[in-house]
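Everything below concerns the one structure shown next.
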Amino acid sequence: MPMFAGLDDIDWGSLRHAYGTAEDVPGWVRGLADPDPAVREVALDAMYGAVHHQGDIYDSTVAAVPYLIEALTTPELPGRDGIVELLASIAEIGEWPDDPDRDEDDAEMCRQASRAHVLVTAAAPRLLRLADDPSPLVRAAAPKLLVALGPAIPDLPELLLRLHGTEVDVPAKMGLLDALGGLPLDDGTVGRLLELAESERASMALAALIAVTRARPHRVPLDGVTALIERAYAEEGPAAEPGGFQTDTLIGSLRVLAEERDEGRRAPHCARRIEDLTDPLGSRVPERITILTPLLASAHDDLAGDALYAANKMIDSWRGDYRDTVAVIAGFLDRSRQLAGQAARMLKHWGPVAAPAADTVAGRLASIDARPWRDGLPDWALRSTLHPYLEILAGLGDERALPLLLTALTLPQRPKDTGYRLARYPGHGARITAAILPHLPVLAEGEREPTEWYAFHGALRAFGADAAPAVPRLLAAPMREWSATTLGRIGPAAAEAVPALRRAVSADDPRLAAAAAGALWRIDRAPDAAGLLAAHLDGPGSRTAFEELAAMGPAAAAVAPLVVTHLGAPPEGHWWTPVLAALALWHITGDTDRTVPVLTGGWHGNPLTRPAIAAAATGPLAAALEPLLHAELAAHQRFNVRPGSWSSSQVTDDEQLRDRCRSVLRETR
């Protein structure tokens with residue numbers, strides 16, 4: 001029977017993938033096994049990009065599964081290593097949890113994922129033979145597929161260990177150990193892996209420890225781990241597979257990047273293994289620091305660079321004393337251009353944690369500033385962006401950055417976010433406002449706000465009354481929400497804005513109307529401000545309305561009963577409205593009986609509310625929230641870490657929350 005019999009009999013036009021109907025899928029399936037590696041790469045890229053787009057499963061994905069299995073189980077067929085990885089990803093049913101709240105599209109995707117998994121597991125006896133395949137590339141990829149098959153392969157850990165004992169190919173042996181790290185392991189299996197770690201060559205011993213760390217992190221003996229990693233990175237790795245072709249695909253680009261990454265490495269098979277070992281250690285930050293700090297100081301760029309990535313992931317997610325670690329990382333700025341760039345990009349996101357590197361950064365920045373300008377721009381502001389060194393110092397509010405930031409305002413290609421960086425210097429508000437004014441955009445009706453418009457407003461708000469010279473320029477443009485908020489932050493010094501704000505409270509835009517009402521109170525204590533804000537407690541302007549009522553405090557007592565009606569428990573996770581209402585009520589009435597339960601619910605229900613709650617904690621509220629503040633300071637993980645998400649201000653926001661908690665607790669003693 002010919003290969004892929006019946007493939008063209010399927011009505012692919014009635015099936016769909018991520019970008020429409022699936023008529024092109026048969027060509028891609030055949031391309032996966034084409035003799036030409038470039039054709040195979042294009043086909044594999046298309047399968048990942050459309051048929052299995054970002055892990056999604058469609059009816060066309062399910063229809064393709066039998067033909068992927070056929071290709072895999074046809075000996076000597078080229079390209080099967082790529083097909084193994086694709087089929088393993090399709091078969092990972094664990095990525096589709098049972099969620100009663102999913103919408104119909106997600107529910108359909110889940111049904112298709114289940115169908116695909118059933119098809120793959122039904123072929124388990126045939127797919128199991130891939131573990132003994134003549135091709136080492138297939139054997140290296142096969143363990144991931146076996147793990148995806150789950151219970152269809154009985155006693156899988158024992159099977160993988162047995163195969164490891166007979167395998168001779170290094171990548172295939174690594175693949176078996178990596179697969180073990182994705183399985184629940186009993187004490188016996190962990191013990192055998194630890195024995196392997198004592199008897200195998202260094203890179204394989206490291207892989208065995210990683211498998212244990214992923215499954216049972218508290219069973220890993222950490223003594224000697226740093227030396228083991230150093231030995232593993234000193235090994236000579238297996239010969240690289242020949243390339244010699246290029247494709248205009250994402251997979252092709254990633255392959256080329258991997259080749260470039262591995263160039264010059266002593267042991268490419270150990271790339272990024274340091275984070276594989278240290279990430280699962282989670283809250284064991286002191287032990288992770290003990291492992292990483294000597295590796296960061298290594299003279300070998302491959303080892304030090306991988307340790308840097310592992311340190312970055314640790315600092316991003318976990319709290320700890322990183323002063324010595326950051327001091328070592330500061331030394332990267334005097335190493336190769338690649339390592340210096342990597343370290344600088346990480347340091348700029350660490351906020352106050354980067355402080356031990358400040359003097360080193362300032363020295364490097366001064367040397368860059370001393371260079372002649374090129375094409376009318378200094379080297380610290382090329383391509384309309386600030387150099388990371390300048391961003392690091394500005395993030396710390398370091399005075400050594402301020403002259404360069406002021407110079408940045410005058411450049412023909414003004415670096416983005418300069419205004420946000422200047423907001424870190426409120427003590428120089430009058431000086432900075434004068435420098436900003438010539439460059440503050442005046443927008444026409446309907447004109448879209450450029451990014452720098454928001455950045456400049458962010459700075460002006462930080463300066464309060466010192467920003468008063470900006471008021472005429474703000475009033476020269478049509479009033480917008482951000483303008484009204486900025487005028488309010490300037491306060492009584494913006495009195496000339498009152499007529500324009502009075503007109504804005506009747507605007508069709510509820511966000512603008514609420515911001516204008518709040519500004520009227522901040523500027524001249526308008527007696528009707530509370531009533532105007534109360535009209536926006538539901539709808540798009542609600543957040544601003546609650547925050548401005550909180551700023552009014554007891555002066556908003558007349559609307560307190562209306563605020564109370566918004567304290568009800570929200571759907572799971574949607575805590576902002578009741579928390580904002582509770583904060584407003586606290587500021588207005590000082591009532592802790594009704595506000596503390598809501599704030600406690602919000603603190604636990606949506607951790608992103610914690611900075612706002614902690615900022616409001618004074619007096620009786622601080623005393624009532626004291627257990628939450630103590631628990632926050634005792635926690636190991638940063639409060640804003642969430643699976644699958646990351647923020648450039650993640651570390652800074654967390655450090656600020658911790659500082660606020662400490663400050664509140666000192667005041668309550």
Side-chain angles (χ1 to χ4, degrees), residues 81 85 136-137 139-141 143-144 160 163-165 167-182 193-214 220-243 254-281 288 290-314 328-329 332 335-339 341-343:
D81 53 314
E85 294 182 358
L137 293 177
R139 295 199 308 276
K144 185 178 180 182
L160 296 176
L163 291 168
H164 183 272
E167 181 60 69
V168 295
D169 181 73
V170 170
K173 288 172 78 74
M174 291 282 197
L176 290 162
L177 293 175
D178 286 345
L180 279 163
L193 284 169
L194 293 176
E195 290 174 4
L196 276 177
E198 294 178 355
S199 60
E200 286 276 7
R201 57 184 284 187
S203 60
M204 205 63 62
L206 178 58
L209 283 185
I210 289 170
V212 174
T213 308
R214 287 171 173 166
V220 179
L222 299 181
D223 291 343
V225 166
T226 298
L228 174 64
I229 293 171
E230 290 172 335
R231 293 199 306 273
Y233 273 67
E235 286 180 358
E236 182 178 349
E241 288 295 313
L254 294 174
R255 175 175 51 78
V256 171
L257 285 173
E259 292 169 356
E260 293 174 351
R261 178 202 67 192
D262 291 344
E263 187 176 355
R265 277 186 171 271
R266 296 167 296 159
H269 59 297
C270 288
R272 305 292 286 269
R273 298 299 269 175
I274 298 174
E275 63 199 71
D276 289 342
L277 177 72
T278 56
D279 281 2
L281 296 177
R288 294 170 74 173
T290 299
I291 294 170
L292 292 174
T293 302
L295 301 177
L296 289 165
S298 171
H300 298 286
D301 282 3
D302 56 351
L303 183 56
D306 282 5
L308 179 62
Y309 277 106
N312 180 56
K313 294 176 78 172
M314 175 178 64
V328 174
I329 290 171
F332 278 59
R335 296 186 61 158
S336 68
R337 181 175 181 178
Q338 181 180 9
L339 282 182
Q342 290 169 350

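At least one side-chain heavy atom of Ile210 sits under 4.5 Å from a side-chain heavy atom of Arg273. Residues Arg201 and Val170 have side chains in contact (heavy-atom distance under 4.5 Å, counting atoms from C-beta outward). Under the 4.5 Å side-chain criterion, counting only non-hydrogen atoms from C-beta, Leu194 is in contact with Pro221.
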- Evaluate the criterion side-chain contact (heavy atoms from CB on, under 4.5 Å) for residue pair Leu177 and Leu193; output intermediate values, then yes/no. CA-CA 9 Å; Leu177 293 175; Leu193 284 169; 3.7 Å; yes

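The NE2 atom of His164 sits 8.5 Å away from the CG atom of Leu180 when rounded to the nearest 0.5 Å. Rounding to the nearest 0.5 Å gives a distance of 9.5 Å between OG1 of Thr213 and CG of Asp276. Annotation: the span from Glu167 atom CD to Met174 atom CE amounts to 12.0 Å, rounded to 0.5 Å.
The minimum heavy-atom distance between Glu200 and Ala205, with the atom names listed, is CB-N, 3.9 Å. Closest heavy-atom contact between Val220 and Leu209: CG2-O, 4.1 Å.
Residues satisfying the side-chain contact (heavy atoms from CB on, under 4.5 Å) test with Ala232, not counting sequence neighbours, are Ala202, Ser203, Leu206, Cys270. With sequence neighbours excluded, no residue forms a side chain to side chain donor-acceptor pair (under 3.5 Å) with Arg288. Shown here are the side-chain contact (heavy atoms from CB on, under 4.5 Å) partners of Pro294, two or more places apart in sequence or in another chain: Thr226. Take Ala310 and apply the side-chain contact (heavy atoms from CB on, under 4.5 Å) test, not counting sequence neighbours, and it matches Ile274, Glu275, Thr278, Leu292. Every residue was checked against the salt bridge (charged side-chain N to carboxylate O under 4.0 Å, His left out) condition with Glu195, not counting sequence neighbours, and none meets it.
Taking a cutoff of 4.0 Å between a charged side-chain nitrogen and a carboxylate oxygen, Asp279 and Arg214 do not qualify as a salt bridge.
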Sequence neighbours excluded and cut-off under 3.5 Å, please list the side-chain donor-acceptor pairs for residues 295-308, or say none.
from, atom 1, to, atom 2, distance (Å)
Ser298, OG, His300, N, 3.0
Asp301, OD1, Arg335, NH2, 2.7
Asp301, OD2, Ser336, OG, 3.4
Asp302, OD1, Arg266, NH2, 3.0
Asp302, OD2, Arg266, N, 3.4
Asp302, OD2, Arg266, NE, 3.2
Asp306, OD1, Arg265, NH2, 2.6
Asp306, OD2, Tyr233, OH, 2.6
Asp306, OD2, Arg265, NH1, 3.3
Asp306, OD2, Arg265, NH2, 3.1
Asp306, OD2, Arg272, N, 2.7

